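One structure below.
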Amino acid sequence: MLLGAVIRHGEVAVRISEVEAYLGPLDPASHAFRGPGGRAAVMFGPPGRLYVYLSYGIHHCLNVVCSPDGVASAVLLRGGEVIAGKEIAQQRRGLRVPARRLASGPGNLGQALGAELSDSGALLTLGSQPLRPAAELWSLEPAETPTPWAVTTRIGISKNADAPWRFIIPSDPTVSGRRH
DNA sequence: CTTACGATTGCCT
DNA sequence: GGCAATCGTAAGG
(Lines give C-alpha, C1' and ligand atoms only; values in the text may rest on other atoms or scores of the structure.)
Protein backbone atom coordinates (compact mmCIF):
# COMPACT_ATOMS: atom_id res chain seq x y z
CA MET A 1 0.00 0.00 0.00
CA LEU A 2 1.65 3.18 -1.20
CA LEU A 3 -1.08 5.54 -0.01
CA GLY A 4 0.22 7.31 3.10
CA ALA A 5 3.79 6.21 2.42
CA VAL A 6 6.52 8.84 2.25
CA ILE A 7 8.83 9.12 -0.74
CA ARG A 8 11.97 11.16 -0.22
CA HIS A 9 14.60 12.54 -2.59
CA GLY A 10 17.36 14.28 -0.68
CA GLU A 11 15.73 16.79 1.64
CA VAL A 12 12.31 16.81 0.02
CA ALA A 13 9.72 14.30 1.25
CA VAL A 14 6.15 13.74 0.03
CA ARG A 15 3.34 11.79 1.68
CA ILE A 16 1.53 10.01 -1.14
CA SER A 17 -2.23 10.61 -1.52
CA GLU A 18 -2.97 9.43 -5.07
CA VAL A 19 -1.58 6.58 -7.22
CA GLU A 20 -2.38 4.61 -10.36
CA ALA A 21 -1.39 1.05 -11.21
CA TYR A 22 -0.03 0.10 -14.64
CA LEU A 23 0.55 -3.50 -15.63
CA GLY A 24 2.51 -5.12 -18.43
CA PRO A 25 1.56 -6.76 -21.73
CA LEU A 26 -2.06 -7.12 -20.52
CA ASP A 27 -2.57 -3.37 -20.05
CA PRO A 28 -2.70 -1.36 -23.33
CA ALA A 29 -2.35 1.90 -21.36
CA SER A 30 0.98 0.81 -19.91
CA HIS A 31 4.36 1.77 -21.33
CA ALA A 32 5.28 -1.86 -20.75
CA PHE A 33 2.55 -3.01 -23.15
CA ARG A 34 5.02 -3.33 -26.03
CA GLY A 35 7.51 -5.42 -24.13
CA PRO A 36 10.78 -4.92 -22.27
CA GLY A 37 12.67 -3.36 -25.19
CA GLY A 38 11.64 0.25 -24.71
CA ARG A 39 11.80 2.97 -22.08
CA ALA A 40 9.74 0.89 -19.63
CA ALA A 41 12.38 -1.86 -19.42
CA VAL A 42 12.83 -1.14 -15.71
CA MET A 43 9.19 -2.15 -15.18
CA PHE A 44 10.21 -5.71 -16.05
CA GLY A 45 13.01 -5.69 -13.50
CA PRO A 46 13.05 -6.22 -9.73
CA PRO A 47 10.69 -4.26 -7.42
CA GLY A 48 11.65 -1.28 -5.31
CA ARG A 49 13.05 0.72 -8.19
CA LEU A 50 11.98 3.99 -9.79
CA TYR A 51 10.61 4.24 -13.30
CA VAL A 52 10.78 7.84 -14.54
CA TYR A 53 9.43 8.96 -17.90
CA LEU A 54 9.08 12.32 -19.62
CA SER A 55 5.47 13.30 -20.28
CA TYR A 56 4.63 15.72 -23.10
CA GLY A 57 8.31 16.67 -23.26
CA ILE A 58 7.87 18.65 -20.07
CA HIS A 59 6.97 16.64 -16.99
CA HIS A 60 9.00 13.99 -15.21
CA CYS A 61 6.59 11.43 -13.80
CA LEU A 62 7.53 8.97 -11.05
CA ASN A 63 6.59 5.31 -10.75
CA VAL A 64 7.47 2.63 -8.23
CA VAL A 65 8.14 -0.82 -9.70
CA CYS A 66 6.12 -3.29 -7.62
CA SER A 67 6.18 -6.71 -9.28
CA PRO A 68 8.78 -9.49 -9.03
CA ASP A 69 11.72 -9.59 -11.44
CA GLY A 70 10.43 -10.62 -14.85
CA VAL A 71 6.89 -9.38 -14.30
CA ALA A 72 6.02 -5.89 -15.55
CA SER A 73 4.07 -3.44 -13.42
CA ALA A 74 4.52 -0.05 -11.80
CA VAL A 75 2.54 2.42 -9.74
CA LEU A 76 2.40 6.02 -10.93
CA LEU A 77 2.62 8.58 -8.12
CA ARG A 78 -0.04 11.15 -8.98
CA GLY A 79 -0.17 13.34 -5.89
CA GLY A 80 0.88 13.95 -2.32
CA GLU A 81 1.70 16.44 0.40
CA VAL A 82 5.16 17.91 0.79
CA ILE A 83 6.08 17.25 4.42
CA ALA A 84 9.80 18.10 4.33
CA GLY A 85 12.02 20.33 2.23
CA LYS A 86 9.13 22.69 1.55
CA GLU A 87 11.40 25.60 0.67
CA ILE A 88 13.21 23.56 -1.98
CA ALA A 89 9.96 22.23 -3.40
CA GLN A 90 8.48 25.72 -3.46
CA GLN A 91 11.55 27.02 -5.26
CA ARG A 92 11.29 24.28 -7.88
CA ARG A 93 7.55 24.70 -8.46
CA GLY A 94 7.46 28.47 -8.38
CA LEU A 95 6.78 30.91 -5.58
CA ARG A 96 3.18 31.55 -6.62
CA VAL A 97 2.11 27.92 -6.17
CA PRO A 98 -0.05 27.25 -3.05
CA ALA A 99 1.40 24.73 -0.58
CA ARG A 100 -1.20 22.04 -1.21
CA ARG A 101 -0.48 22.10 -4.95
CA LEU A 102 3.28 21.66 -4.64
CA ALA A 103 3.07 17.91 -5.36
CA SER A 104 -0.50 17.62 -6.63
CA GLY A 105 -0.55 15.93 -10.05
CA PRO A 106 2.08 13.55 -11.45
CA GLY A 107 4.11 16.20 -13.26
CA ASN A 108 4.03 18.52 -10.26
CA LEU A 109 5.03 15.75 -7.86
CA GLY A 110 8.00 14.86 -10.05
CA GLN A 111 9.09 18.47 -10.23
CA ALA A 112 8.73 19.02 -6.48
CA LEU A 113 10.96 16.00 -5.85
CA GLY A 114 13.47 17.06 -8.48
CA ALA A 115 13.08 13.90 -10.57
CA GLU A 116 15.08 13.50 -13.78
CA LEU A 117 15.17 10.86 -16.52
CA SER A 118 18.50 9.69 -15.14
CA ASP A 119 16.74 8.72 -11.92
CA SER A 120 14.91 5.95 -13.75
CA GLY A 121 16.09 2.62 -12.38
CA ALA A 122 17.30 4.12 -9.11
CA LEU A 123 16.91 1.95 -6.04
CA LEU A 124 14.43 3.08 -3.40
CA THR A 125 15.91 2.62 0.05
CA LEU A 126 13.30 1.21 2.40
CA GLY A 127 12.73 3.09 5.63
CA SER A 128 13.66 6.46 7.05
CA GLN A 129 16.77 8.37 6.10
CA PRO A 130 19.78 9.66 8.01
CA LEU A 131 19.63 13.21 9.34
CA ARG A 132 21.50 14.68 6.41
CA PRO A 133 20.29 12.75 3.34
CA ALA A 134 22.40 12.71 0.23
CA ALA A 135 20.83 14.84 -2.47
CA GLU A 136 20.74 12.01 -4.96
CA LEU A 137 19.32 9.42 -2.58
CA TRP A 138 15.76 8.12 -2.97
CA SER A 139 13.85 6.35 -0.21
CA LEU A 140 10.37 5.07 0.56
CA GLU A 141 8.93 4.82 4.05
CA PRO A 142 5.70 2.82 4.47
CA ALA A 143 2.70 4.39 6.20
CA GLU A 144 2.72 3.92 9.96
CA THR A 145 -1.03 3.51 10.25
CA PRO A 146 -3.68 2.21 7.83
CA THR A 147 -5.26 4.90 5.68
CA PRO A 148 -8.86 5.16 4.44
CA TRP A 149 -8.80 4.85 0.65
CA ALA A 150 -11.04 4.69 -2.40
CA VAL A 151 -10.78 3.31 -5.95
CA THR A 152 -11.57 5.06 -9.23
CA THR A 153 -10.77 4.66 -12.90
CA ARG A 154 -7.49 6.06 -14.16
CA ILE A 155 -7.04 9.60 -15.49
CA GLY A 156 -5.67 10.97 -18.75
CA ILE A 157 -5.58 7.76 -20.78
CA SER A 158 -7.62 6.52 -23.74
CA LYS A 159 -6.76 2.82 -23.75
CA ASN A 160 -8.11 0.49 -21.06
CA ALA A 161 -9.68 3.56 -19.47
CA ASP A 162 -12.33 1.57 -17.60
CA ALA A 163 -9.95 -0.37 -15.36
CA PRO A 164 -10.48 0.76 -11.73
CA TRP A 165 -6.81 1.09 -10.90
CA ARG A 166 -6.54 4.56 -9.39
CA PHE A 167 -6.33 4.78 -5.62
CA ILE A 168 -6.78 7.92 -3.54
CA ILE A 169 -7.11 9.16 0.02
CA PRO A 170 -10.52 10.82 -0.43
CA SER A 171 -10.15 13.31 2.41
CA ASP A 172 -6.71 14.50 1.27
CA PRO A 173 -6.68 17.98 -0.34
CA THR A 174 -3.58 17.13 -2.41
CA VAL A 175 -5.47 14.61 -4.58
CA SER A 176 -5.52 15.90 -8.17
CA GLY A 177 -8.60 15.67 -10.34
CA ARG A 178 -11.89 13.98 -9.57
CA ARG A 179 -12.56 12.22 -6.29
CA HIS A 180 -14.74 9.42 -7.63
C1' DC B 1 15.73 9.46 -41.53
C1' DT B 2 11.02 11.70 -40.79
C1' DT B 3 6.86 12.17 -38.45
C1' DA B 4 3.33 11.78 -34.94
C1' DC B 5 2.12 11.25 -30.28
C1' DG B 6 1.47 11.53 -25.34
C1' DA B 7 0.21 8.01 -17.83
C1' DT B 8 0.22 16.89 -18.23
C1' DT B 9 -0.07 21.50 -16.92
C1' DG B 10 -1.24 26.27 -16.85
C1' DC B 11 -2.66 30.15 -19.23
C1' DC B 12 -6.16 32.07 -22.43
C1' DT B 13 -10.88 33.08 -24.05
C1' DG C 1 -13.86 24.84 -22.15
C1' DG C 2 -9.82 25.28 -25.53
C1' DC C 3 -5.12 24.86 -26.56
C1' DA C 4 0.06 25.55 -26.77
C1' DA C 5 4.45 24.01 -24.87
C1' DT C 6 8.30 20.65 -25.80
C1' DC C 7 11.07 16.35 -26.46
C1' DG C 8 11.92 11.37 -25.77
C1' DT C 9 9.86 7.39 -27.96
C1' DA C 10 7.74 4.69 -31.25
C1' DA C 11 6.02 4.02 -35.65
C1' DG C 12 6.38 4.65 -40.58
C1' DG C 13 8.89 5.29 -45.20
Side-chain angles (χ1 to χ4, degrees), chain A residues 1-3 5 7 9 12 14 16-45 47-67 71-82 86 88-122 124 138 140 149-169 172-180:
Chain A
M1 173 58 71
L2 279 170
L3 292 178
I7 186 170
H9 182 215
V12 179
V14 170
I16 299 164
S17 66
E18 177 186 4
V19 299
E20 276 178 358
Y22 287 85
L23 303 190
L26 293 176
D27 181 8
S30 172
H31 292 164
F33 182 64
R34 289 166 180 84
R39 59 179 160 175
V42 60
M43 284 180 65
F44 290 81
R49 291 182 178 273
L50 285 177
Y51 165 50
V52 183
Y53 70 92
L54 185 64
S55 180
Y56 289 89
I58 303 172
H59 306 106
H60 292 86
C61 299
L62 275 171
N63 297 252
V64 177
V65 178
C66 290
S67 45
V71 180
S73 81
V75 173
L76 171 68
L77 308 183
R78 288 195 54 95
E81 175 192 4
V82 177
K86 292 179 183 172
I88 299 175
Q90 188 83 60
Q91 192 79 10
R92 287 173 176 155
R93 291 276 293 118
L95 299 178
R96 312 188 318 192
V97 175
R100 69 178 40 176
R101 298 267 162 78
L102 283 177
S104 183
N108 294 334
L109 185 147
Q111 186 178 20
L113 282 168
E116 301 172 19
L117 275 188
S118 57
D119 291 314
S120 201
L124 279 165
W138 291 88
L140 185 66
W149 53 273
V151 196
T152 81
T153 52
R154 295 179 291 187
I155 288 183
I157 55 172
S158 52
K159 303 167 231 167
N160 203 6
D162 292 336
W165 292 341
R166 175 173 176 255
F167 304 86
I168 64 174
I169 301 177
D172 195 305
T174 65
V175 170
S176 74
R178 56 183 159 78
R179 262 154 228 273
H180 55 84

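The shown structure was predicted, so the numbers you read here are calculated from the model rather than taken from an experiment. Labels below follow one simple rule: chain letters A, B, ... track the order of the sequence lines, proteins then strands, and each chain is numbered from 1.
Counting only residues at least two apart or on different chains, the salt bridge (charged side-chain N to carboxylate O under 4.0 Å, His left out) pairs with a member in residues 24-42 of chain A are Asp27(A)-Arg154(A).
Of all the heavy atoms in Ser67(A) and Ala72(A), the pair that sits closest is OG-C, 3.6 Å. Of all non-hydrogen atoms in Ala112(A) and Arg92(A), the two that sit nearest each other are O-NH1, 2.9 Å. Residues Gly110(A) and Leu62(A) approach most closely at CA-CD1, 4.4 Å, considering heavy atoms. Heavy-atom minimum distance, Val151(A) versus Pro164(A): CG1-O, 3.0 Å.
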Q: Any chance you could list the contact pattern along nucleotides 6-13 of chain C? Use B for base contacts, S for sugar-phosphate-only contacts and - for none, protein heavy atoms under 4.0 Å, 5' to 3'.
A: BBSSSS--
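With a heavy-atom cut-off of 4.0 Å to chain A, the contacted part of DNA chain B has its first and last nucleotide at dG6(B) to dC11(B).
Comparing the same atom, P, in dC3(C) and in dC5(B) gives a spacing of 16 Å after rounding to whole Å. dA7(B) and dG1(C): their C1' atoms are spaced 22 Å apart (whole Å).
Of the residues in residues 100-110 of chain A, those placing a heavy atom less than 4.0 Å from an atom of DNA chain B are Gly105(A), Pro106(A), Gly107(A), Asn108(A), in numerical order.
Put simply, the side chain of Asn160(A) never gets that close to the backbone of Ala29(A): no donor and acceptor are under 3.5 Å apart. Side chain of Ser30(A) to main chain of Leu23(A): a donor-acceptor pair is present (N/O by atom type, distance under 3.5 Å, no hydrogens or angles).
Between Gln111(A) and Ser30(A), it is Ser30(A) whose nearest contact on DNA chain B lies nearer the 5' terminus.
By the 4.5 Å heavy-atom criterion applied to side chains, Lys159(A) and Phe33(A) are not counted as neighbours. Two residues are said to be in side-chain contact when any heavy atoms from C-beta on lie closer than 4.5 Å; Leu2(A) and Phe167(A) fail this criterion.
Nucleic acid contact class of Arg166(A) (heavy atoms, under 4.0 Å, all strands): none. At a threshold of 4.0 angstrom between heavy atoms, the contacts of Ile157(A) are confined to the sugar-phosphate backbone, with no base atom among them. Contacts of Arg78(A) with the nucleic acid, taken as non-hydrogen atoms under 4.0 Å apart, involve only primed sugar atoms and P, OP1 or OP2.
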Q: Give DNA chain C the dot-bracket treatment, 5' to 3': Watson-Crick (N1-N3 with N6-O4 or O6-N4) or G-U (N1-O2, O6-N3) under 3.5 Å, [ ] crossing, | other strand.
A: |||||.||||||.
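For Arg93(A) and Asn108(A), the side-chain atoms include at least one donor-acceptor pair closer than 3.5 Å. When only modelled atom types and interatomic distance are considered, Ser176(A) and Glu18(A) share a side-chain donor-acceptor pair under 3.5 Å.
With sequence neighbours excluded, no residue forms a salt bridge (charged side-chain N to carboxylate O under 4.0 Å, His left out) with Arg49(A).
Just one residue in the list Glu20(A), His180(A), Arg179(A), Arg166(A) forms a side chain to side chain donor-acceptor pair (under 3.5 Å) with Thr152(A), and that residue is Arg166(A).
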